[in-house]
Each structure stands twice: as C-alpha cells, then as structure tokens.
Amino acid sequence: MRWSETFIPTLKEDPSEAEVVSHRLMLRAGLIRKLFSGAYTYLPLGRRALLKVIDIVRTEMDRAGALEIIMPTLHPSELWHKTGRYEDFGDVLMKLKDRHGREFVLGPTHEEVLTDLAATEISSYRQLPVTFYQIQTKMRDEPRPRFGILRTCEFIMKDAYSLDADVDSLDNSYNAMYNAYCRIFARAGLPYVPVEADTGPMGGSASHEFMVPCDAGEDQLVTCDTCGYGANLEKGEPRVLAQAGPASATPEEVATPGMSTIEQVSRFLNRKPCELLKTLIFVAGGKPIAVIVRGDHDVNELKLASALKCELELADPETIQEVTGAPVGFAGPVGLKIPIYADHDVASVNDCIVGANKADTHIVGVNHGRDFEVTEWIGARYAVEGDGCPRCAGTLRLRPGIEIGHVFKLGTKYSEAMGATYLDEHGHARTIVMGCYGIGINRIIASAIECSHDEDGIIWPITIAPYEIEILALNSNDEDVMQAAEELYGKLGGSFDVLLDARKASPGGKFKDADLVGIPVQVIVGRRGLKNGEVELRVRGRGERRSVPVEQAADAAAGQVQALREEINQRVEQAENSS
RNA sequence: CGGGGCGUAGCGCAGCUUGGCAGCGCGCCGGCUUUGGGAGCCGGAGGCCGCCGGUUCGAGUCCGGCCGCCCCGACCA
C-alpha cells in the first residue's frame, strides 16, 4: 500500500483527551478516532492491526478444534430472564424494544444464546464434546468507559463455549483452550501472565485470567518471579507468616482521643501499623461477626465470604455501636460477645494494640488465646508486596495488569437453567457441562502498545503490525530514489505487507511518521545512500541500522522480517512447553 | 453515582481576573523555492467561543441550569 493512497492521519501533538500511552499513540498514529466516550472508529491502519490479531486467534481456535459460528447481537430478553442474569448484569445490559414492543438486549456475552442452541441441537453424548466460538462485537453499557480502547461500550470479543458430557471431559476442553490462549498471546508478542482468578458473576468452579502486566492496567495481580505463581489480587494467597513468640506484656488501656484509624493510632502511640490489630464488624448471613487482620493488612471480603460460605457486608455505624458499645474506630476483640474470625497472620504478632470497645480508648499488650479467643482462623486478607509465595520460597510482587483473556469452567449453571441436556450411552438424560472462554481483541492491540513503545511512537510486534515493512522514499523529487523505492516495493509487495511512503514531503516528516506508526522493518531509500548504491535497513525500536547494496535490499528486508517472525515463534514454543 | 479538571477553527492552546473588532502555533488550499530527522517565503480559506436561559446599551468573558470530554473513586463478565 502507498501511504498517499491510504488514510493515515498522524498527529504531531498529543490529543488533550488522551492520557494513557496506548490511547495517545493510537490517536497520534492514525489508528483510531473517537465517536463518543467508549466507542471508536478503526481507521485503515487500526483495522489492519485488528485483522492481524483476529487472524491469529482464528488460526489457533481452529487448530484447537473449535468451530466458528456467528450468533446474533440482538437477544430476546426472556433468554436473560431464564438464567437470572437480566438482573445480575443490571444497567450494563443495553436494552431496546422493537416495533411490537418486544424487548431485546444487545449481547454483552453469549452464554444464553449458545446454551439455547445447545439445548435444542445437542441431544446425544455422541455429539460431545464440542466447542463453538465466534468473533464479534459485544455491547456493554459501561459505568465508566476509559483509557481509550481499554474499556469501551463496544468491543470485539472472541468468545468460545465448550460443551462436554462430564467434568473430566470439561477439564480436557478447558486445557485445550488454555493452551490455545498461551499460543495466541505469545504469537501476538505479549508478555502475558496466566493467573488464578475468581469466577465472579459468571459462576463456575475454576477460572484463569490472562494478564499483561503494565501501568495502564485496571486489575491488580500478584506474581512470583521464582516459580511463576500468579493470581488475581482477590484470589492471591500470601504464605502464612511465622508465629510470634509468647506474650510478655499485660493488657493496659490507653487514651487515644479521636484516633480511630490504624494510621492515627500507630502514629499517636509511636508503634508500627503491623503491631496493631484491625477489628472490623461485618454482618454475615444476618448476624454480626468480628474479623481481625493485622493493622498493615486489608480484609479481602471475597475470601471472607467464601470461608464463611455466606453473603456479608460491613456493618453500619449503628450496628457497630450496638455490638461493641463504641463508635466506629474503637472496636477490638477483647470482651466481644460475637464470633471472632482472625486472619492467620494475626498470630504473627504478640503484645498487640487493639480497640477497647470504648470511645477514645485502645488496649496495648493484648494477646490472642489469653485476652480473647478466636472462633476460627482463616485466610482473610489481601496479599501485599513482599509477602511470601504460597508455592515456593519466593517473594510475591504486586502489579497492575490488563486482562486480555479469561477462561471459566462454568459447570452446569447455564445448561441447568436452560434445560440443555443430552442422553448418555444408557439413555439417561444428563446436563451438559460447559466452559466459556473470552479474548478482548482490541485490548490485545492496546496492551501490545502499552508494552512496546518509546518516546517516538509504537514498536509493533511483527505478527500484529499493520504492515511488516515500510519503505521510505526520502526524496520524492529524485528520480533514482523513486525508481529504486518502486522496484523494492514491487519485489517485496508480493510476499509481505509493505507500506511505501513516497509522499511529496520532507525527509524529516517521513522519519517522524515512520517511527510514530511503528512498522517493524524500515527500508530507507535516500539520495545520499543511493550515491554509493546503498539503502539503509532499520528495525524499529532497536539500535540496529545497516547499509546494504540496493540489489540486495529486498532479500535483506525479507530476511529481517523472517528473523523477527522467528523470535516470536520461539516464544510460542516456550509458551507451549510451559503450559 | 460521588470528587476534581476541561470545553474557543481539523489538532494543540491564549484571550475570561477587570464585559467593548475572534487571536496564536500546527494542519489545510494556491504559488515559488527546498529534500537524511516534523523546510522557507508570499497569498488564502476556515468560528453557533459546547447548549439553553439570565444580567447588561453590549457577554467568549459575569450568573444559573443542562450537555459533553478526561482523571480519581464506586462498579466491572
């Protein structure tokens, strides 16, 4: 493609509306334009990158044996009422009515539609297992679209759904998708990390998220560099700390006027936050309970809920006053008449400071077992930077990441709700066991840019770059330059995706645009080099520049592309071996 | 939905405090020159100053309401 014949509206300055790197660069490099907050037009260059990603995803899905279909975007609301997700999704569901007043939702995901298909079409165990997938635009009324294309109301998703006869078979289907995901993200050149995740409103028994660590990420993940353990922050299990020695102090009340937070009390008493215990009152299953974590730790409500196996919420100030006899900020375990759940690491400190259940008062020198009894010890806190890895002797790191893929073992949640059953070999009706698997196509592009750019612009992985080679014809008024560039374009164009910049513009502008747009292999044809019968070859984002004779330029550029592809292939192999 | 910031030419911004001709840079159009890191000169086009209302002889500027955009939080398959 010739630059002059396509549409690449680059911007010299950063658009004021863009803050995160990928958003800024995608606007500046002419990949996207905004229609409104949460919806973007993909211009030719952006569309090409999307198609490259889609091609990788499709190839790997097919390779894993999944069958591509296309489901409607418009779903009858009744389908969503059947599974109860009409309420669960709430305002995120886009709703509309047709001329007859029938209500529809715009599909934010397709479990309902696929399960409906399975219910009518799958009747025998002979048809199982089978996995369907589609690549299609999803609609979600996001409370807050942001970060350019990282969170939008409309986005392209690859969603796959496996149908299996039993749980063992689901494990196979799940693993096949998991492995395909590793290959996909490796091929896209992303430094992805699979982490254990919570199943959330999707339901089901197991789930992994595929994350790309980078600053623009909305999620928090904990990882261990030593053994490769990774988990969503909500799911991360810090190693339990060593127990503290025996008590040495005796409890004593101290006045702490107006000091109701850990920070205030620790500063006031000149003690470290980890020497304090944080006591929170929750209402669990309708009854008040106390939860204790170390002062420097935070309660993970999700873990707490799963340990207690019931719904829970923080108690309101009235309840706290009633239960502890003190205003918010002075609760403590000593003398409490409700069940006390303590995080394992409460045992890592002795002679603690706790609230006295009395306004403006704390107690120092408190020890569990002597001054109060713990009803049950549980894992109730979030991991923090520096915690021990639960799997090895390593240390956990905490960092933000972008979720680019998510796989779930759904079990029978949807098939049961919608009556998707099959007859087994004995003629007994059984419920289909399902899994679902999503990839955010647009996010792959955004995270690739987040992870691979410099101050000049994008540095594309060769596999998802809109073009593999850009030829810069520096001097558009020089016949020799134009002829040499055209010849190269002709030679390479047949086998590679080549962009030829032969615009009537200054050399400086072409260099700047080329770096901004970030095509991996640059072939620079200029009067200066041509005098010596040479052109220059560069790889975007690397220091490498070399001059090659004009007649060898095509082969050299081709070789460079092959070398870059080979680097990616090696990463795919590694991904395969480690998954 | 709560907090903060912003809205003036396609893009980036000034002008608003103290009401009185709508500005600058980039980009765009025409011409000449120029060509290895965002070229120069000359000429030109382009505006509902987010919208509605109020105050005023007069509002981009002051007041009220609304809308939109960005960030933080809540939420998030």
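Residue numbering restarts at 1 for every chain, and letters A, B, ... go by the order of the sequence lines. Below, all heavy atoms of this structure are taken into account, side chains as well, without hydrogens, waters or symmetry copies.
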With C1' as the reference atom in both, quote the distance from B:G38 to B:C1 in angstrom, rounded to an integer. 44 Å
For A:S173, check side-chain hydrogen bond (donor to acceptor under 3.5 Å, both in side chains) against everything at least two apart and list the hits. A:D164
Would you kindly check whether a donor in the side chain of A:D14 faces an acceptor in the base of B:G12, or vice versa, at under 3.5 angstrom? no
Please name all residues satisfying salt bridge (Lys or Arg N to Asp or Glu O under 4.0 Å) with A:E551, sequence neighbours left out, ordered by chain then number. none
Partners of A:H297 by ring pair (Phe, Tyr, Trp, His ring centres under 6.0 Å), sequence neighbours excluded? none
Residues forming a salt bridge (Lys or Arg N to Asp or Glu O under 4.0 Å) with A:E112, sequence neighbours excluded: A:R85
So A:R28, base contact, sugar-phosphate only, or nothing? Heavy-atom distance under 4.0 Å. base
So side-chain hydrogen bond (donor to acceptor under 3.5 Å, both in side chains) across residues 29-39 of chain A, not counting sequence neighbours, yields A:E17-A:K34
Pick out the pairs of N or O atoms, protein on one side and nucleotides 23-27 of chain B on the other, that lie under 3.5 Å.
residue : atom : partner : partner atom : Å
B:G25   : N2   : A:E13   : OE1          : 3.3
B:C26   : O3'  : A:K12   : NZ           : 3.4

Would you say A:H110's side chain and A:K138's backbone share a donor-acceptor pair under 3.5 angstrom? no
Mind checking salt bridge (Lys or Arg N to Asp or Glu O under 4.0 Å) for A:D116 and listing every partner two or more places apart, or none if nothing turns up? none
N/O to N/O distances under 3.5 Å, protein versus nucleotides 67-74 of chain B:
residue : atom : partner : partner atom : Å
B:C69   : OP1  : A:S37   : N            : 2.8
B:C69   : O3'  : A:K34   : NZ           : 3.2
B:C70   : OP2  : A:S37   : OG           : 2.6
B:C71   : OP1  : A:F147  : N            : 3.4
B:C72   : OP2  : A:R144  : NH2          : 2.6
B:G73   : N7   : A:R144  : NH1          : 3.2

With A:D14 via salt bridge (Lys or Arg N to Asp or Glu O under 4.0 Å) - residues at least two apart: A:R24, A:R28
Considering only atom P, compute the distance from B:U61 to B:U18 and round it to an integer number of Å. 15 Å
